[in-house]
Amino acid sequence: MMVTSQAIVALASRCAAAARSMESDLNLADSRLGDGDTGTMLARLLTAVEATAACGNLGETFRAMAKAASGSTGSSLGTLVSAALLAMGRSCGDRASLPLTDLSILLKTARDEMLSLGRSELGDKTIIDGLDAIAISVEACTRPDEIASAAMSAAQDAIQEFRGRPCRVGRARLWPERSMELDDPGMLALAAIVQAVGTKDS
Amino acid sequence: MMVTSQAIVALASRCAAAARSMESDLNLADSRLGDGDTGTMLARLLTAVEATAACGNLGETFRAMAKAASGSTGSSLGTLVSAALLAMGRSCGDRASLPLTDLSILLKTARDEMLSLGRSELGDKTIIDGLDAIAISVEACTRPDEIASAAMSAAQDAIQEFRGRPCRVGRARLWPERSMELDDPGMLALAAIVQAVGTKDS
Amino acid sequence: MNKFMNSPSNYVDESLSGLVAAHSDLLRAGQTGRTIVRRSGVRRGKVGIATGGGSGHLPLFCGYIGHGLLDSCAVGNVFEGPTLQSCVDAIDMADGGAGVLLLYGNYGGDRMNFEMAAKMARVAAVRSVLGTDDVASAPRQERQKRRGVAGLVLAFKTAGAAAEAGACIDDVTRIAEKTVASTYSIGLAWSGCRLPAAEAPLADMGSNEVELGIGIHGEPGIWRKPMGPADALVDEMIERLVEDRGNPGEGGRAVLLVNNLGATPVDELYIAVRRAHEVLTAKRIAIAQTFVGSFATSMEMAGLSISICFVDRETEPLFIAPAASPFWRVQ
Amino acid sequence: MNKFMNSPSNYVDESLSGLVAAHSDLLRAGQTGRTIVRRSGVRRGKVGIATGGGSGHLPLFCGYIGHGLLDSCAVGNVFEGPTLQSCVDAIDMADGGAGVLLLYGNYGGDRMNFEMAAKMARVAAVRSVLGTDDVASAPRQERQKRRGVAGLVLAFKTAGAAAEAGACIDDVTRIAEKTVASTYSIGLAWSGCRLPAAEAPLADMGSNEVELGIGIHGEPGIWRKPMGPADALVDEMIERLVEDRGNPGEGGRAVLLVNNLGATPVDELYIAVRRAHEVLTAKRIAIAQTFVGSFATSMEMAGLSISICFVDRETEPLFIAPAASPFWRVQ
Ligand SMILES: Nc1ncnc2c1ncn2[C@@H]1O[C@H](COP(=O)(O)OP(=O)(O)O)[C@@H](O)[C@H]1O
Ligand SMILES: Nc1ncnc2c1ncn2[C@@H]1O[C@H](COP(=O)(O)OP(=O)(O)O)[C@@H](O)[C@H]1O
Ligand SMILES: [Mg+2]
Ligand SMILES: [Mg+2]
Ligand SMILES: [Mg+2]
Ligand SMILES: [Mg+2]
């Protein structure tokens, strides 16, 4: 099985549906130390992304998605996601498909772009830590169901791992103590979306 | 027994105490169709008035009270009360005392001044209707206890009499229908103060 | 509903002290310190304009003292008329030798005190014009009974510009009367305000209710309903204003004022502005100017009012004449 | 907490339509319609100043476009940074050939988008200065991490005046940096606000609570306590600002800004002004000017912020230079 533009568009649709269904939960998570908009923003961003049609190659598809994403918001998380989509597009170039075994590399490209734009590091307790865990967990996977279950556990484990650790970037950075007890809304969003999407797949 | 400056100052003190104790009830009554300040305003006005020292004659005492009253507020009711005090002072002139039997005439002076300044008429359902009822009820009284009980019933009866009748001046004029079911805050205030003061007397 | 204050009894005086500390063009004056005047005084030969009213409505009333607007203001307690003495002082201190116009809202206490004060003041030529723009507060046939709300500010502007330009007392009065007579306002609110000395808010509304026609002291309005879409609410407000104008309701030129009653987000005021422009344009009413912001508030009341003032060749230019007060500047 | 709107998804665009309808000097422009510019464009040879940020803070950000202030603004959704394209357009449309200063608040989304946009824009000389005035948002040693709040407006004023007067991009940048570095702000709120798409208010407080140091998006502050007397609260706010200045905390000249976070009665702002003047005077800090009103809001949040900007011979005159934007006029 291969990663194709069609597969990515279908995946985006399922992410969007998942995000819409947990809009208020994610807002609530962000309202604790942030500004309470993570859920609304993600639902809007992914709804814009899912409306993108599959293009002739992966690069174009990702770029079109990045454009839709960046047109929908300028929030921190949304901007990081847009930049990640753009970077993945750049890395795919004009290829029409990608073997599943390249997924990990693609996710690492996204991760590195986000770290650079966000001026953050692994360990800062952000969505990027969740993404990093997923990217590593799927390194050796070859089948969709393997990927789904590895990603679900990795995202979930990352949340556990960061409990008790302070948040070092984003709005929550300003309250290291309080942020120790709270899960990062970006990591929560990633895990919940992966969970919703992965459950259907496995 | 005579009406003296000392007696008036003592009476003002009791009115003030009564007004303070029912501040929030009167605010509530005024909030239904008005702006909710009758109680606070009256408590402030009467507290200013009670601080007036008795002067050499009734005219001066009333004028000093009028000044204290008018310095404390410019609300409709407060201004009417100030004008009434001033008119009573004018009518007493330099007399040091007044027989109780002149009380009715004095109250009618106040009533007429209020009607003229308020551009209102008897029957408009205002504090002046209460005052008019009291002024008439004490016409034939000669003893303090007679006056107290006549005034208490008159003020109370006036409220009853005006139930079902619309308010025609002041803020509540704009809702004739709604004002039919509600007692006028000014009449309520007068009756409650007379009740509190009169009960001690009789 | 919290109040940011030290004590209810100091609410007004401390606020006035802050006002004159911030705006050095203004002074607390008169026997009571409750009369606010221009530090520079009234130019000799200029018609003076005095106003007054209760506190809790800032910028109304004393925020409009300054060049091209008002000369003095008598300041009452929250939602109470100004005291007699403060009115006397306001009239006397607005005197530049050419007469004084008293321009204030139609409320019992304000009227009684200004009328008595006019008799006591030293000024010979005193005229009075009362704001009566709130269409929700009495039927059209009883216009003179109506309350004055945000639309009064538009009369400050036109009369103030005329006075600053050297018009005589008769003309300044006529301009003020014309402006008041051409101004129609209506309020809408979805949360009330709290008097400093009170425990509960005035006009307390359910969390999803909205009230049309509410007064700037929380006096009850025309109806209370569940909150609806902004456009439908603006439509009804404008409809009532234009209808009240009588025949012909449509056509003409007007100044539009979308006023914050206190706690409305500015973004939401502009949502109203957008729709008001659409509706007025459809009614062939040309919008000469639009003013948006907090012009006449009711402390922390959440809501807005819309005022329309029909203009003619005489009044329209007065709206763009220069003015400089703490809250309203026109260059 | 009701919202006056048609739908959450149209909140910002309808509000912007109202804004440009009311203020004909402003235009919605760019590919997204989310870039607001001066209708008259940028004077050739003038340094352009572009800003941007989330909606819900009006007059911040786009209310300050105009003579002596800003040239363009990228407008994001409520409490979200502006999109990349709107930033690119804002930069390009602020270009008068003499370089463009990006002057905005220190928030992740805003920074990322403006940084990417600066690389994509056609303008050669682009500089950036980020507002970091909120002393409650990070310790003094990490000043560069602090959020930008109302004090940013003071940098709009000084940098805008310098640009209007013909200063070069280096000087305009230096003035903005100096103003930001001399500005200390802190917020206080007693009731939160509601995002258009949310059901519950952000930073919901108990009916008698007050929070010090709260951010303009409801980000948590330093403490939450029962509401106390106004003077004590102002004392603590000023104390924290002056202390943050370091050595010498006292003395000098400063501009004071008492800003309404949204729903605070104007009377109550002046109660704060009065006390702020007392306390600053006691600390031998001379007040060059006082600004009071809604400068940077958080929709219907009830509260206020105090900003102090220490001035010198170069920056003080810039505060009285003429300016004309929808929300701030200086003559
Ligand atoms: N600089 C950053 N680097 C990495 N991740 C970030 C950064 N800033 C924010 N995030 C992530 O974004 C999430 C917040 O997203 P969102 O609420 O949309 O942003 P905003 O703070 O702009 O409202 C955080 O929980 C965190 O995971
Ligand atoms: N014009 C008037 N003539 C007679 N009585 C009046 C008039 N206006 C008001 N009142 C009386 O005053 C009362 C309201 O007093 P108050 O609440 O102090 O005045 P305001 O309406 O100025 O807030 C009314 O209940 C009525 O009895
Ligand atoms: Mg957020
Ligand atoms: Mg009342
Ligand atoms: Mg009153
Ligand atoms: Mg945000």
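Chain identifiers are assigned alphabetically (A, B, ...) following the order of the sequence lines, protein sequences preceding nucleic acid strands; residue numbering begins at 1 within each chain.
With a 4.5 Å cut-off on non-hydrogen atoms, D:Thr32 does not touch chain A at all.
With D:Asn113 contributing its side chain and A:Gly74 its backbone, the two residues share a donor-acceptor pair below 3.5 Å. A donor-acceptor pair is defined here as one N or O able to donate and one able to accept, closer than 3.5 Å; such a pair exists between the side chain of D:Asn77 and the backbone of A:Ser72. Judged by distance alone, with hydrogens and angles left aside, the side-chain atoms of A:Ser76 form a donor-acceptor pair with the main-chain N or O of D:Gly109 at under 3.5 Å.
Summarising the geometry, atom CD belonging to D:Glu199 is positioned 9.0 Å from atom CG belonging to A:Asn27; distances are rounded to the nearest 0.5 Å. For the atom pair CG of D:Leu84 and NZ of A:Lys67, the computed distance is 10.5 Å after rounding to the nearest 0.5 Å.
The two residues D:Leu202 and A:Ser31 have their closest heavy-atom pair at CD2-CB, 3.6 Å. The nearest pair of heavy atoms linking D:Met112 to A:Thr79 is CB-CG2, 3.8 Å.
With chain D as partner, the option from A:Asp30, A:Leu77, A:Thr73 having the largest number of non-hydrogen pairs under 4.5 angstrom is A:Thr73. Ranked by heavy-atom pairs under 4.5 Å with chain D, the first of A:Met41, A:Arg119, A:Glu23 is A:Arg119. Per-residue counts of heavy-atom pairs under 4.5 Å with chain D were compared for A:Gly34, A:Gly39, A:Ala83; the largest is that of A:Gly34.
When side chains are defined from C-beta on, A:Asp37 counts as touching D:Leu195, because their heavy atoms get closer than 4.5 Å.
A salt bridge is absent between A:Arg32 and D:Glu219; no separation between the charged side-chain nitrogens and carboxylate oxygens falls under 4.0 Å.
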